[in-house]
Amino acid sequence: MDSTATASLASLWDEVSGTQPDPDLWVVLATLAVALAVVIPHGLWRISRNAITIAHEGGHGLVALLTGRTLTGIRLHSDTSGLTVSRGKPHGIGMILTAAAGYTAPPLLGLGGAALLGAGRITLLLWLATALLLIMLVMIRNAYGALTMIVTGGLFVLVSWLAGPQVQAAFAYVVVWFLLLGGVRPAFELQAKRARGGAGDSDADQLSRLTHVPAGLWFFLFHAVSLCSLIGGGRWLLDM
């Protein structure tokens, strides 16, 4: 029994840590088209943006923990907004990095995912994403957020465990393209909302108060990170 279990674990580890063949170029382009189809139209974006909010709030939470803050909870709302609450000093580098992590997290996750896919690590990408979603679920503090995380995490579990290699590859590429493309739009939306007099307590405004750097420069950072991630990640995915 022990030897069988050990062999199974070894086989599983080989599968997760090993490489998988790259999909054909037409698959990569088709997944790009799918991602564009759920990012550009406003109606679909209102739904798909929930996934970007998961990455956004997850970025806040992860950096809060990495900088020594105490993460107390994450809430995801049906209007695709979110809130991450952590305890610690209300100023200083930890608070600054935590506040800056939201809008930069989706494109940077997409860039990291593109690097894994470029190296043929499709299975590893799916398992890492599933693990992060399950860990984040523990910190969710409202019913809608829990439902969103269960549906999203459940989809990753189903694909990771039950789908064939071709489906897994297509799903992984759609997810990464979506993070890269979807990571560009929120900062522009927030900037437009602020221009109309709304969102006065946005991440950029909080960062401006913390650093005495104008909010516009923080928007420049958000745009630079998202656009550079899209260009770099796109080159990896297209193997250019």
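Quick caveat: nothing in here was measured; it's all calculated off a predicted structure.
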Beyond-backbone contact of [X] with [Y], side-chain heavy atoms, under 4.5 angstrom:
X	Y	result
Pro107	Leu230	no
Ser202	Arg194	yes
Val34	Tyr173	no
Asn50	Leu76	no
Val39	Leu44	no
Arg121	Thr19	yes
Ile74	Arg141	no
Val38	Phe178	yes

If we ignore hydrogens and angles and just use 3.5 Å, is the side chain of [X] paired with the main-chain N or O of [Y] as donor and acceptor?
X	Y	answer
His60	Thr98	yes
Thr72	Val85	yes
Gln168	Val159	yes
Thr152	Met149	no
Ser160	Val157	no
Asp79	Ser81	yes
Glu57	Gly102	no
Gln20	Thr123	yes
Arg69	Lys89	yes

Kindly compute the distance separating [atom1] ([X]) from [atom2] ([Y]), expressed to the nearest 0.5 Å.
X	Y	atom1	atom2	value
Arg49	Glu189	CZ	CD	5.0 Å
Ile47	Ser78	CD1	OG	12.0 Å
Leu134	Ile150	CG	CD1	10.0 Å
Leu179	Leu111	CG	CG	11.0 Å
Leu97	Leu62	CG	CG	11.5 Å
Leu32	Leu25	CG	CG	10.5 Å

Just by distance, no angles: are the side chains of [X] and [Y] close enough, under 3.5 Å, to form a donor-acceptor pair?
X	Y	value
Thr80	Trp45	no
Asp205	Ser208	no
Thr70	Arg87	no

Is it the case that one hydrophobic cluster holds both [X] and [Y], taking links as side-chain heavy atoms less than 4.5 Å apart, direct or via other members?
X	Y	answer
Val27	Leu36	no
Phe220	Trp218	no
Leu117	Leu128	yes
Val175	Leu155	yes
Phe188	Ile231	no

Verdict with supporting geometry, Leu116 and Ile122, side chain to side chain contact (heavy atoms under 4.5 Å, CB included): CA-CA 7 Å; Leu116 287 174; Ile122 296 171; over 6 Å; no
Aromatic plane relationship, Phe222 with Phe219 - under 30° parallel, 30 to 60° tilted, over 60° perpendicular: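 Rings of Phe219 and Phe222: perpendicular, as their planes differ by over 60°.
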Whether Trp127 and Trp161 hold their rings parallel, tilted or perpendicular, with breakpoints at 30° and 60°: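 Answer is tilted, since the angle falls between 30° and 60°.
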How far apart are the closest heavy atoms of [X] and [Y], and which atoms are they?
X	Y	result
Ala105	Ala55	CB-O, 3.4 Å
Val28	Trp177	O-NE1, 3.4 Å
Ala114	Val176	N-CG1, 3.6 Å
Ala204	Ala215	O-CB, 3.9 Å
Leu207	Ile96	CD2-O, 3.4 Å
Leu181	Ala35	CD1-CB, 3.8 Å

Evaluation steps, side chain to side chain contact (heavy atoms under 4.5 Å, CB included), between Thr130 and Leu132: CA-CA 6 Å; Thr130 302; Leu132 289 173; over 6 Å; no
His56/Tyr103 aromatic ring centres below 6.0 Å: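 Judged by ring-centre distance (under 6.0 Å), His56 and Tyr103 do meet the cut-off.
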Derivation and outcome, side chain to side chain contact (heavy atoms under 4.5 Å, CB included), residues Ile52 and Arg185: CA-CA 10 Å; Ile52 295 297; Arg185 185 167 176 174; over 6 Å; no
Check against side chain to side chain contact (heavy atoms under 4.5 Å, CB included), Leu237 and Leu180: CA-CA 11 Å; Leu237 294 178; Leu180 291 171; 3.9 Å; yes
Tyr144 OH: over 12 foreign heavy atoms closer than 6.0 Å: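 Result for OH/Tyr144: enclosed.
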